[in-house]
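For reference, the structure discussed in these notes is given below.
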Amino acid sequence: MPITQSQGQALTALIGQLRKDWDLAGIRAAIRKAALIGAPADVAVAACRCAANPDMRTPALIAEPGPHWLGTSAGSRQAPTMCPTH
């Protein structure tokens, strides 16, 4: 199920309040990109974990692989393996 516009707006506002140093447009873009990776609840978890980590300097990292996705259905997916001959 994709993230709805109202869910995206609410999550953007929440993350913006948690990380005043992050640009709202950047948060919004990262949430849209992350929505292609996981379910809305997974995106919310990953975004909140990212926001809580002071080492995360940019919201773009929300949509990147990392420990903020652990414990979510998106985080438990295995990366595809390449064919050994290619």
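Hydrogens, waters and symmetry mates play no part in the numbers below; they use all other heavy atoms, side chains included.
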Exercise for the section: List the steps and the verdict of side chain to side chain contact (heavy atoms under 4.5 Å, CB included) for Trp22 and Thr12. Expected result: CA-CA 10 Å; Trp22 286 357; Thr12 297; over 6 Å; no
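- By the criterion of side-chain heavy atoms lying less than 4.5 angstrom apart, applied directly or through intervening Ile, Leu, Val, Met, Phe, Trp or Tyr residues, Leu14 is grouped together with Ile3 in one hydrophobic cluster.
- To the nearest 0.5 Å, atom SG of residue Cys50 and atom CG of residue Leu18 are 11.5 Å apart.
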Exercise for the section: Carefully, step by step, assess Trp69 and Ile37 under the rule side chain to side chain contact (heavy atoms under 4.5 Å, CB included). Expected result: CA-CA 10 Å; Trp69 287 100; Ile37 299 168; 4.2 Å; yes
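- A donor-acceptor distance shorter than 3.5 angstrom exists from the side chain of His68 to the backbone of Ile62, with no hydrogens or angles considered.
- Arg57 contributes atom CZ, which lies 8.0 Å from atom CG of Asp21 (distance to the nearest 0.5 angstrom).
- Across all their heavy atoms, Ala30 and Pro59 have their closest contact at CB-O, 3.1 Å.
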Practice task
Please test Asn53 against Arg49 for side chain to side chain contact (heavy atoms under 4.5 Å, CB included), starting from the C-alpha separation and ending with a verdict.
Solution key: CA-CA 6 Å; Asn53 184 343; Arg49 286 180 179 162; over 6 Å; no
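- How far CD1 of Ile27 is from CD1 of Ile15: 7.0 Å, rounded to the nearest 0.5 Å.
- Side chains of Glu64 and Met56 form no contact here, defined as non-hydrogen atoms less than 4.5 Å apart.
- In the hydrophobic cluster analysis, where Ile, Leu, Val, Met, Phe, Trp and Tyr join through side-chain heavy atoms closer than 4.5 angstrom, Leu24 is grouped together with Val43.
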